[in-house]
Number of protein chains: 2
Amino acid sequence: MADAAKQFTQQAGRAVAVRRRDAHGTKSKLLQAALRAFTTQGYEASSTRNIETTAGVKRGLISYHFGTKQALWEAVADHIMQVAERELSAAVRGAADADTDARARLRHFVKAYVFFCARHPELHRLMIQEGNTHDWRLDWLLERSVRGWYVEVCRLFDEALLLGVAPAMNAHHFYYILTGAATLMFANAAEAQALGQQNPLDARSVAEHADALANLFLSGESQ
Amino acid sequence: MADAAKQFTQQAGRAVAVRRRDAHGTKSKLLQAALRAFTTQGYEASSTRNIETTAGVKRGLISYHFGTKQALWEAVADHIMQVAERELSAAVRGAADADTDARARLRHFVKAYVFFCARHPELHRLMIQEGNTHDWRLDWLLERSVRGWYVEVCRLFDEALLLGVAPAMNAHHFYYILTGAATLMFANAAEAQALGQQNPLDARSVAEHADALANLFLSGESQ
DNA sequence: AGAGTAACTTGTCAACTGACAAGTAATTGG
DNA sequence: CCAATTACTTGTCAGTTGACAAGTTACTCT
């Protein structure tokens, strides 16, 4: 039958079955499938066998490449958090550099954050899966990445507050208002699609969301 | 051993073991336990046996009282949606009645909505568990309750927009900004507690969140 | 070419899961 | 007080799950 581990190459005009072995490719396919499973179904509901099947690889390969299900989850979380750290720190630097106006900086930051959330809805699906119960996975996420990001957002907000361009509120509430408002439509994309009759992840929808949220945080004065 | 199905009553000065049978109480305990399981772990990750154990009842009683796991989920969802419909329609009526000023009405509505979200974090945990994949559970939730609420919120927002008291944006984006901003801190209570070192569900925190969000939506003019 | 290693494959296990059948015990209605 | 009904209890089954052991195969290095 169709065996993904085999491919055919032309050799002297004759098709020859060649069995490929590609540890990196296998790990990568498993990571992708596991990312989708863990973020949409949660850790316990995701079975290693089903992840292997959707990745299109044979049964024992999670054990071989990652050891345990927990180690696979950590590899997935580590991968996604690396991406987040890279892109978010770029967004923060972008906001800080480009504009001298404090209002423009805050606007730039909010919009960049919304675009990031639309690009990686899996990240917030993961936070939402793990954020309601205090277990080893939440601890892992908090200490690995989330707490640092939280502190950074609070710092940025307090700075904007001092400069009089942010709405008066506690930074903690700002963090959850910004994060919730920026992510829910993308994290709950299936629901948003059914309610709004348009794909919430398409470019126009994302841009509208970013504008709406940036305007909301900056409606205090001159606009 | 300690059997919850037995209690002791004083009868003519003698303690007599009486086995109580209380179908309503049993169903209610199962609904509570299932609500917690389905909203925090998701449908697939929740096992009927574990729900029975945490409810403190014997093994076969979900089969007996509800038939199947799917029927139990529907009973849970139906129960929570009934509560939501009752309390939310009261909040909408409260906002419409009390105040003649359009700004005060919008403020009243936003604050009442935040208080509702803090009172029932399970509801949005359920929406978050089910909102990312289009399956029979999302369809059930949408057609049973969510679509009606969405239409109502959009109507309220468009009304406020016409009266010039709402920030300029599309009603669809308003729905997800309001819902996300109002719910995330309570739905992810464990994370918020770890980051903010205070219980996000306590009265002061909830009131602050409600004020912050109401001010945000009403910062356009006179405040 | 032949040894050694990395990559993959398959078999097996104990524990868990949802469902249902076949019981037993408490309550109710007559 | 008896019969019917409701509420609960227990046994069993087929399918799934995570883990690991024992293989087999492809590739590399010399």
Side-chain angles (χ1 to χ4, degrees), chain A residues 1-9 11 16-31 33-34 37-38 40-76 135-137, chain B residues 1-9 11 16-31 33-34 37-38 40-76 135-137:
Chain A
M1 327 312 171
D3 187 346
K6 285 177 185 164
Q7 74 175 22
F8 293 88
T9 46
Q11 196 171 22
V16 179
V18 175
R19 186 164 287 225
R20 296 253 282 108
R21 309 203 333 173
D22 175 12
H24 184 269
T26 302
K27 283 186 78 165
S28 170
K29 282 190 283 185
L30 281 170
L31 276 174
F38 287 144
T40 59
Q41 304 161 217
Y43 181 78
E44 300 292 350
S46 303
S47 83
T48 55
R49 280 167 141 97
N50 184 59
I51 290 169
E52 288 165 335
T53 302
T54 62
V57 305
K58 288 276 187 174
R59 208 191 67 207
L61 287 175
I62 286 177
S63 272
Y64 178 69
H65 285 290
F66 298 94
T68 63
K69 186 183 181 185
Q70 170 165 353
L72 174 62
W73 183 91
E74 285 170 2
V76 165
D135 55 13
W136 61 270
R137 275 163 279 140
Chain B
M1 324 312 170
D3 187 347
K6 285 178 185 163
Q7 74 175 21
F8 292 88
T9 47
Q11 197 171 23
V16 179
V18 175
R19 185 164 290 222
R20 295 252 282 109
R21 308 205 330 170
D22 175 12
H24 184 270
T26 302
K27 283 185 78 164
S28 171
K29 281 189 282 185
L30 281 170
L31 276 176
F38 286 143
T40 59
Q41 303 162 218
Y43 180 78
E44 300 293 349
S46 302
S47 83
T48 53
R49 281 169 142 97
N50 185 58
I51 290 169
E52 289 166 333
T53 303
T54 61
V57 306
K58 288 276 188 175
R59 208 191 66 209
L61 287 175
I62 286 177
S63 273
Y64 178 71
H65 285 289
F66 298 94
T68 63
K69 187 183 178 182
Q70 170 166 353
L72 174 62
W73 183 89
E74 284 168 3
V76 165
D135 56 13
W136 61 270
R137 274 162 278 138

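Lettering follows sequence order; numbering is per chain, from 1.
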Student: How do His24(B) and Gly60(B) order along DNA chain D: which one's closest nucleotide is nearer the 5' end?
Tutor: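 Mapping each residue to its closest nucleotide by heavy atoms, the 5'-most match is His24(B).
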Student: Which part of the nucleic acid does Ser47(B) contact within heavy-atom distance under 4.0 Å: base, sugar-phosphate only, or nothing?
Tutor: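 Sugar-phosphate only.
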Student: Tell me if the side-chain of Arg49(B) makes a donor-acceptor pair with the base of dT10(D), cut-off 3.5 Å, by modelled atom types.
Tutor: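 No pair found.
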Student: Is there a side-chain polar atom (N or O) of Lys69(A) under 4.0 Å from OP1 or OP2 of dG18(D)?
Tutor: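 Yes.
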Student: Rounded to the Å, how far apart are Glu52(A) CD and dT16(D) P?
Tutor: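 From Glu52(A) CD to dT16(D) P: 15 Å.
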Student: On the nucleotide dC8(C), are OP1 or OP2 found under 4.0 Å from the side-chain N or O atoms that His65(A) carries?
Tutor: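 Yes, such a contact exists.
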Student: Give the rounded distance in Å between these two atoms: CD of Gln41(A) and C1' of dT17(D).
Tutor: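 To the nearest whole Å, that distance equals 14 Å.
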Student: Can you tell me how far CD1 of Ile51(B) sits from CG of Leu31(B), rounded to the nearest 0.5 angstrom?
Tutor: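 It is 10.0 Å, given to the nearest 0.5 Å.
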Student: Taking CG from Leu30(A) and C1' from dG18(D), how many angstroms apart are they, rounded to a whole number?
Tutor: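 Result: 15 Å.
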Student: Using whole Å, what does the distance between atom P of nucleotide dA7(D) and atom CZ of Arg21(B) come to?
Tutor: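 It is 7 Å, rounded to the nearest whole Å.
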Student: Quick one: which of dG18(D), dG11(D), dC8(D) gets closest to the side chain of Arg59(B)?
Tutor: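 Selected nucleotide (nearest to the side chain): dG11(D).
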Student: I need the Leu30(B) CG to His65(B) NE2 distance, nearest 0.5 Å.
Tutor: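 The NE2 atom of His65(B) is 7.0 Å from CG of Leu30(B), to the nearest 0.5 Å.
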Student: Roughly, in whole Å, what's the span from CD in Glu44(A) to P in dA15(C)?
Tutor: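 Spelled out: CD on Glu44(A) to P on dA15(C) is 18 Å.
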Student: What nucleotide among dT6(D), dA19(D), dT9(C) has an atom nearest to a side-chain atom of Leu61(A)?
Tutor: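 It is dT9(C).
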Student: Atom CD1 of Ile62(A) to atom C1' of dC20(D): distance rounded to whole Å?
Tutor: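 In whole Å, dC20(D) C1' lies 14 Å from Ile62(A) CD1.
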Student: Taking only the side-chain nitrogens and oxygens of Tyr64(A), find out if one of them lies under 4.0 Å from OP1 or OP2 of dC8(C).
Tutor: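 No, outside the criterion.
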Student: Please state whether the phosphate of dG18(C), meaning OP1 or OP2, lies under 4.0 angstrom from any side-chain nitrogen or oxygen of Thr48(B).
Tutor: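 Looking at the OP1 and OP2 atoms of dG18(C), one of them is under 4.0 Å from a side-chain N or O of Thr48(B).
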Student: Return the 5'-most residue of the pair Asn50(A), Ser63(A) with respect to DNA chain D, ranking by each residue's nearest nucleotide.
Tutor: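 Looking at the nearest nucleotide for each, Asn50(A) comes out on the 5' side.
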Student: Just to confirm, is there a sub-4.0 Å distance from OP1 or OP2 of dC8(D) to any side-chain nitrogen or oxygen of Thr26(B)?
Tutor: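 So the side-chain polar atoms of Thr26(B) do come within 4.0 Å of the phosphate oxygens OP1 or OP2 of dC8(D), strictly under.
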Student: Measure the distance from CZ on Phe66(A) to C1' on dA7(C) and round it to the nearest whole Å.
Tutor: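 After rounding, the gap between these two atoms is 14 Å.
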Student: Round to a whole Å and report the spacing from CG of Leu72(A) to C1' of dC20(D).
Tutor: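 That distance rounds to 17 Å.
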Student: Please examine the side chains of Phe66(A) and Val76(A), heavy atoms only from C-beta on, and report whether any two atoms are closer than 4.5 Å.
Tutor: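 No. Closest side-chain heavy atoms not under 4.5 Å.
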Student: Just wondering, do Lys58(A) and Tyr64(A) contact through their side chains at under 4.5 Å, heavy atoms?
Tutor: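 Side-chain contact under 4.5 Å: no.
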Student: What nucleotide among dT9(D), dA26(C), dC8(C) has an atom nearest to a side-chain atom of Lys58(B)?
Tutor: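 The closest nucleotide is dT9(D).
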Student: If we only count heavy atoms from C-beta on, is the Arg49(B) to Arg59(B) side-chain gap below 4.5 Å?
Tutor: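 Yes, side chains in contact.
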